[in-house]
Protein chains: 2
Amino acid sequence: MINSSVMPQYQQVATTLRRRIANGEYLEGDIIPPSSELENFFSVSNITIRKALALLSNEGWVRSRRGVGTIVTRAPSSQPLKIAVSGNFTEWVDSASGKSLPIKQTVLECALKPAPSRVSNILECALGDALWTMQRIRRIAGNIISYHVNFGRPEVLGTIKKSTMVPNRNFVDVLRGECGVNLMRMDQTVEAMAADRDLAALLEVEFGTPLFFVENIYLDGADTVVAVSHLYLRGDHYAYQTSISLEDDAHAR
Amino acid sequence: MINSSVMPQYQQVATTLRRRIANGEYLEGDIIPPSSELENFFSVSNITIRKALALLSNEGWVRSRRGVGTIVTRAPSSQPLKIAVSGNFTEWVDSASGKSLPIKQTVLECALKPAPSRVSNILECALGDALWTMQRIRRIAGNIISYHVNFGRPEVLGTIKKSTMVPNRNFVDVLRGECGVNLMRMDQTVEAMAADRDLAALLEVEFGTPLFFVENIYLDGADTVVAVSHLYLRGDHYAYQTSISLEDDAHAR
DNA sequence: ATATAAAAGTATACTATAATACTTTTATAT
DNA sequence: ATATAAAAGTATTATAGTATACTTTTATAT
């Protein structure tokens, strides 16, 4: 069988069945579909299904009885609590200082570095040109939630040092206060991505963990790009909540 | 060595190095760190690094020369084009019909089904109670971008059929038009997650692909929950863009 | 020319993953 | 009681992933 080789199949199957139970697709006391059927559905062998069920069995989700079937032994536990960050993407993305949640930031580095390709395109400089960069980590209750990288031309942002950012100052404030930039607009792009080993190490997560990737492009009054930020946000343990009024029909169309 | 066993390590390393090159951390013509150093950094064996480099070599990113080192042979290609969906999460999430992009939806099923645990909590019914549910797929240019599941009490939403949704009608419209609901508010939660095999099959992606998971809770004038929607959105090939005015200081604090 | 250090490459062995074909247990209809 | 069908469980075998220890090639300083 061709496997485009990510996670071992038995673990993929286990993950999927676990979610089915957690979702309530199989209820406590139910007999789940027999191995033969699961083999068929997932296009894998007997042994792969068995290993998946063995995992679930060890975790206490199911119990297999020879000749009878595999029975769900545990109801879906109540939601694993996620830390909820309020406000929509627009708000929390680079201005998380004075909110209700105690977010702490650490500046890892603040130095001239070669421009990554994606940024050099935006800031209209050559690939590898030295840019002012700053790398930060943010935590809630000690847990890392995001990794921020800011880029800018050294002429404009060069005055920002590690010490400029304490305590928990945000980037927009500093751009205005220290660099005298007339900030007018931010173009924001949000994507979902998976952590590679570099990001996994920084964010203290497993390889493959889903992340939000946010790119902010800061523009001044003349529509010139002043700075670029790249934010990598853990998406697995944090939920981003917002409340939207539907009284006005306009945008629902 | 303990591997919490996701993707094979040599592929993890390859993914990481590929991104370093694409980012411009290693430039064309550069000699990348020698295997011994990479072994050390990634805490893997010689052979694992070699397999990773063999992958990159086949893909034309690098060329290894015995006794010399491994040289980067390809500059980062220009951004792989992503389809950009404009507007922020608030807007595009369940109202994508009449936008500039030609989004087409297909109703997969519209039937009474047992409530998933997460939804039964919100709609305050027992786990497994029959709820009205509707499942939809949305495409842009033939490519699946999202999978939507709507839930509601059968007394309220039971009149909605497959045919009610054509052509490309959105859920909010139907709630108001067909069900006479006085919609007032929507509470939205956004998370990043990875596709299991069920979602992977529906969205036609690989297991592990990063997805946006959006939960919308629809409330009427009396703050009663009327309906719940679960949206699973491909996050890898689609970027969500918005432009934010920074003229007003208020929210940057 | 030659020794040396630093790089990529190879040999061997062990473990995890997974396919195919077969066996045992259980419930149930006769 | 007994045959049967349907379920989980086992044996065997092949292949992929990875670690350890070793070899060959290359550039360079003498």
Side-chain angles (χ1 to χ4, degrees), chain A residues 1-17 21 26 29-73 196-197 206-208, chain B residues 1-18 21 26 29-73 196-197 200 206-208:
Chain A
M1 201 251 151
I2 296 142
N3 179 4
S4 63
S5 66
V6 281
M7 189 185 280
Q9 302 201 68
Y10 76 94
Q11 287 189 44
Q12 296 186 19
V13 171
T15 301
T16 307
L17 294 178
I21 296 174
Y26 304 142
D30 276 6
I31 293 186
I32 70 170
S35 336
S36 53
E37 220 169 281
L38 294 175
E39 285 165 36
N40 226 337
F41 181 86
F42 289 114
S43 307
V44 296
S45 78
N46 160 347
I47 228 78
T48 302
I49 296 296
R50 288 191 50 61
K51 287 189 80 170
L53 291 178
L55 280 183
L56 296 197
S57 188
N58 285 336
E59 294 166 11
W61 291 97
V62 299
R63 199 172 145 236
S64 290
R65 293 188 48 209
R66 210 178 215 205
V68 180
T70 299
I71 299 119
V72 178
T73 50
D196 68 8
R197 287 184 74 138
E206 297 277 293
F207 179 96
Chain B
M1 201 254 148
I2 296 144
N3 178 5
S4 61
S5 64
V6 281
M7 189 185 280
Q9 303 200 68
Y10 75 96
Q11 288 188 44
Q12 296 185 20
V13 171
T15 301
T16 307
L17 295 178
R18 215 182 276 116
I21 297 174
Y26 304 142
D30 276 6
I31 292 186
I32 70 169
S35 335
S36 54
E37 219 170 284
L38 294 175
E39 284 165 36
N40 225 338
F41 181 86
F42 289 115
S43 307
V44 296
S45 77
N46 160 347
I47 227 81
T48 303
I49 296 296
R50 286 192 49 62
K51 286 189 80 170
L53 292 178
L55 279 183
L56 296 197
S57 187
N58 285 336
E59 294 166 10
W61 291 97
V62 298
R63 194 166 152 241
S64 291
R65 292 190 46 211
R66 212 179 214 205
V68 179
T70 299
I71 299 119
V72 177
T73 49
D196 68 8
R197 287 186 72 140
E206 296 277 294
F207 179 96

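A, B, ... follow the sequence lines: proteins, then strands. Residue 1 opens every chain.
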Handout entry: Nucleotide-level pairing of DNA chain D, given in dot-bracket where Watson-Crick and G-U pairs need both distances under 3.5 Å and | marks other strands
Key = ||||||||||||||||||||||||||||||
Exercise for the section: Taking the side chain as every heavy atom from C-beta outward, state whether A:Val13 and A:Leu55 have any pair of such atoms under 4.5 Å apart. Expected result: no
Problem - Whether A:Thr48 side chain and A:Glu39 backbone form a donor-acceptor pair below 3.5 Å - result: no
Handout entry: Distance test, side-chain N/O of B:Ser45 to OP1/OP2 of D:dT18, below 4.0 Å
Key = no
Fill in the blank from the handout: Side-chain contact check for B:Arg50: nearest option of D:dG9, C:dA8, D:dT18 is C:dA8
Exercise for the section: Give a yes or no on this: more than 12 heavy atoms of other residues, nucleotides or ligands lie within 6.0 Å of atom CZ of B:Arg18. Expected result: yes
Handout entry: Distance in angstrom units between B:Ile49 CD1 and C:dT10 C1', rounded
Key = 17 Å
Practice task
Indicate yes or no for a side-chain donor-acceptor contact from A:Thr73 to the backbone of A:Trp61 under 3.5 Å, with no hydrogens or angles considered.
Solution key: yes
Completion exercise
Separation of C:dA16 atom C1' from A:Tyr10 atom OH, nearest Å, is 7 Å
Completion exercise
Testing C:dT10, D:dG9, D:dG17 for proximity to the side chain of B:Asn46, the answer is C:dT10
Exercise for the section: Could you state the atom-to-atom distance from CG of A:Leu55 to P of C:dA18 in whole Å? Expected result: 11 Å
Exercise for the section: Give a yes/no on whether any side-chain N or O of B:Ser36 is located under 4.0 angstrom from OP1 or OP2 of C:dA6. Expected result: no
Practice task
Specify the separation, in whole Å, of atom CD of A:Gln9 and atom P of C:dT20.
Solution key: 11 Å
Practice task
Round to the nearest Å and state the distance from B:Leu38 atom CG to D:dA19 atom P.
Solution key: 14 Å
Practice task
Would you indicate whether the side-chain heavy atoms of B:Leu56 and B:Leu17 approach each other to under 4.5 Å?
Solution key: yes
Completion exercise
Picking from C:dT10, D:dA11, C:dT17, the nucleotide nearest the side-chain atoms of A:Ile47 would be D:dA11
Problem - B:Thr48 side chain near D:dA19 phosphate (N/O to OP1/OP2, under 4.0 Å) - result: yes
Problem - Separation of A:Ile32 CD1 from A:Ile21 CD1 (nearest 0.5 Å) - result: 6.5 Å
Problem - Rounded distance in Å - CZ (A:Phe42) to P (C:dA18) - result: 14 Å
Practice task
Figure out the CD/C1' separation between B:Gln12 and D:dG17, and round it to whole Å.
Solution key: 12 Å
Handout entry: Residues B:Phe42, B:Thr16; criterion side chain to side chain contact (heavy atoms under 4.5 Å, CB included); working and verdict
Key = CA-CA 10 Å; B:Phe42 289 115; B:Thr16 307; 4.0 Å; yes
Exercise for the section: Using only side-chain N and O atoms of A:Arg66, determine if any of them is under 4.0 Å from OP1 or OP2 of C:dT23. Expected result: no
Exercise for the section: Quickly work out the B:Ile31 CD1 to C:dA6 C1' distance and round it to whole Å. Expected result: 11 Å
Completion exercise
Closest to the 5' end of DNA chain C, once B:Thr70 and A:Lys51 are matched to their nearest nucleotides, is B:Thr70
